[in-house]
Amino acid sequence: MKIIIADNYIHLSEIAAGIITKTIIEKPDAVLGLATGTSPIGTYKKLIDFYENGLVSFKNVHTVNLDEYVGLNEKHAQSYHYFMHDIFFDHIDIKQKNIHIPCGLGDDLEKNCREYNEILLKHPRDIQLLGIGSNGHIGFNEPSTPFKSFTHIVELTERTRHDNSRLFGFGDSVPKQAITMGIVSICHAKKILILASGAGKADAVYNMVQGDVTEECPASILQLHNDAVLVVDKEAASKLDESAISQSD
Ligand code: GLP
């Protein structure tokens with residue numbers, strides 16, 4: 001895994017947006033795997049900035065998102081559909097038909113999973129953007145998720161529900177389930193770009209980079225990917241050994 005230490009969150013976002021922009025310039029119809037959460041917000045802002053300044057266009061880009069809560073419709077302010085449009089898609093020239101986000105609604109969620117797997121097969125990703133949960137989850141693949149998983153429904157852990165509750169208003173509880181791209185699908189991306197910021201991520205970053213490759217830390221599988229790039233600020237990198245940073249290629 002290549003590790004890039006950023007000075008701060010703004011710097012981290014500039015680096016990540018630069019990597020994604022390079023992917024699109026080299027391949028204007030690139031498929032981007034996208035993530036939600038607070039970690040990529042600065043990256044999306046920077047990409048909008050690049051778009052507004054004519055440095056990049058998304059008109060032939062396709063996107064596939066990692067995950068969505070079960071039971072929230074796309075107008076719900078905490079749904080990942082809403083987040084992606086509000087933070088990113090509404091500000092760039094992407095075609096609506098090129099946007100794919102898993103659907104957590106309806107009576108047959110297994111069917112939604114199968115349909116999303118089909119979409120992923122048709123859209124092999126050039127780059128997959130990822131955040132990391134404080135317990136090492138990627139997408140919504142919680143600890144103990146089999147590494148061999150495809151799109152599936154998950155029961156969210158109390159820790160994840162607690163972490164994510166800061167984004168929900170009073171009286172609005174975090175859903176107990178989500179639909180997520182599986183670990184196999186995540187690892188199929190040609191390049192993986194992981195973002196981590198803040199001291200609260202330091203343990204998860206350590207376990208991802210220097211811990212054992214184990215289903216107990218889903219992100220640890222990324223040690224085996226041949227083009228994974230971690231962009232991390234100093235706080236989130238604070239538990240990494242110097243040797244792990246200097247040996248990263
Ligand atoms: C959620 C998302 C993940 C994200 C994680 C970390 O659980 N499903 O994809 O990586 O939150 O979020 P944040 O970047 O806000 O710390």
Side-chain angles (χ1 to χ4, degrees), residues 6 8-10 12-13 16-17 32-46 63-72 76-84 86-88 100-104 113 116 120 125 127-145 149 151-168 173-183 185-187 189 192-209 217-222 228-233 235-237:
N8 50 43
Y9 181 70
I10 293 176
L12 172 154
S13 304
L32 313 179
L34 297 180
T36 54
T38 44
S39 307
I41 291 179
T43 303
Y44 293 140
K45 290 211 166 108
K46 202 68 211 168
T63 64
V64 282
N65 258 78
L66 280 171
D67 47 15
E68 176 58 287
Y69 289 111
V70 165
L72 299 192
H76 191 291
Q78 303 313 329
S79 76
Y80 288 167
H81 278 76
Y82 186 95
F83 173 100
M84 287 307 301
D86 187 39
I87 299 285
F88 191 39
H100 305 281
I101 305 176
C103 173
C113 293
Y116 205 64
L120 293 176
R125 274 140 301 136
I127 187 164
Q128 175 67 57
L129 182 60
L130 289 179
I132 179 169
S134 64
N135 61 1
H137 74 240
I138 47 176
F140 265 133
N141 293 284
E142 297 281 30
S144 297
T145 303
S149 55
T151 305
H152 61 288
I153 303 296
V154 292
E155 304 294 324
L156 298 175
T157 63
E158 279 313 309
R159 182 164 176 187
T160 296
R161 294 185 69 232
H162 174 265
D163 284 354
N164 291 6
S165 65
R166 69 189 190 281
L167 304 168
F168 282 72
S173 67
V174 182
K176 294 195 163 140
Q177 289 184 311
I179 176 169
T180 184
M181 205 187 271
I183 306 269
S185 325
I186 290 175
C187 290
I192 302 217
L193 176 58
I194 314 129
L195 309 181
S197 155
K201 296 293 171 70
D203 284 323
V205 166
Y206 175 85
N207 290 331
M208 167 172 64
V209 176
C217 176
S220 64
I221 191 77
L222 302 173
V229 180
L230 167 65
V231 188
V232 68
D233 65 12
E235 288 78 17

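All ligand and atom numbering here is 1-based and tracks the order in the structure.
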With side chain to side chain contact (heavy atoms under 4.5 Å, CB included) as the criterion, how do Arg125 and Ser185 come out once you've worked through the C-alpha distance, each side chain's angles and the decisive distance to 0.1 Å? CA-CA 9 Å; Arg125 274 140 301 136; Ser185 325; 4.2 Å; yes
side-chain contact (heavy atoms from CB on, under 4.5 Å) partner of Phe140, the single match among Leu66, Asn164, Val70, Thr145: Asn164
Around atom CG of Leu167, are there more than 12 heavy atoms of other residues, nucleotides or ligands at under 6.0 Å? yes
Is there any protein N/O under 3.5 Å from an N/O of ligand 1, and what does the full list of such pairs look like?
| from | atom 1 | to | atom 2 | distance (Å) |
| --- | --- | --- | --- | --- |
| ligand 1 | 7 (O) | His137 | NE2 | 2.8 |
| ligand 1 | 7 (O) | Asn164 | ND2 | 3.2 |
| ligand 1 | 8 (N) | Asp67 | OD2 | 2.7 |
| ligand 1 | 8 (N) | Gly139 | O | 3.2 |
| ligand 1 | 10 (O) | Ile132 | N | 3.4 |
| ligand 1 | 14 (O) | Thr38 | N | 3.3 |
| ligand 1 | 14 (O) | Ser39 | N | 2.9 |
| ligand 1 | 14 (O) | Ser39 | OG | 2.5 |
| ligand 1 | 15 (O) | Thr38 | N | 2.7 |
| ligand 1 | 15 (O) | Thr38 | OG1 | 2.6 |
| ligand 1 | 15 (O) | Arg166 | NH2 | 2.8 |
| ligand 1 | 16 (O) | Lys201 | NZ | 2.5 |

To check you understand the geometry: which heavy-atom pair defines the closest contact between Tyr9 and Ser197, and what is its length? CD1-OG, 3.7 Å
Derivation of the side chain to side chain contact (heavy atoms under 4.5 Å, CB included) call for Asn65 and His100: CA-CA 6 Å; Asn65 258 78; His100 305 281; over 6 Å; no
Would you say Gln78's side chain and Val174's backbone share a donor-acceptor pair under 3.5 angstrom? no
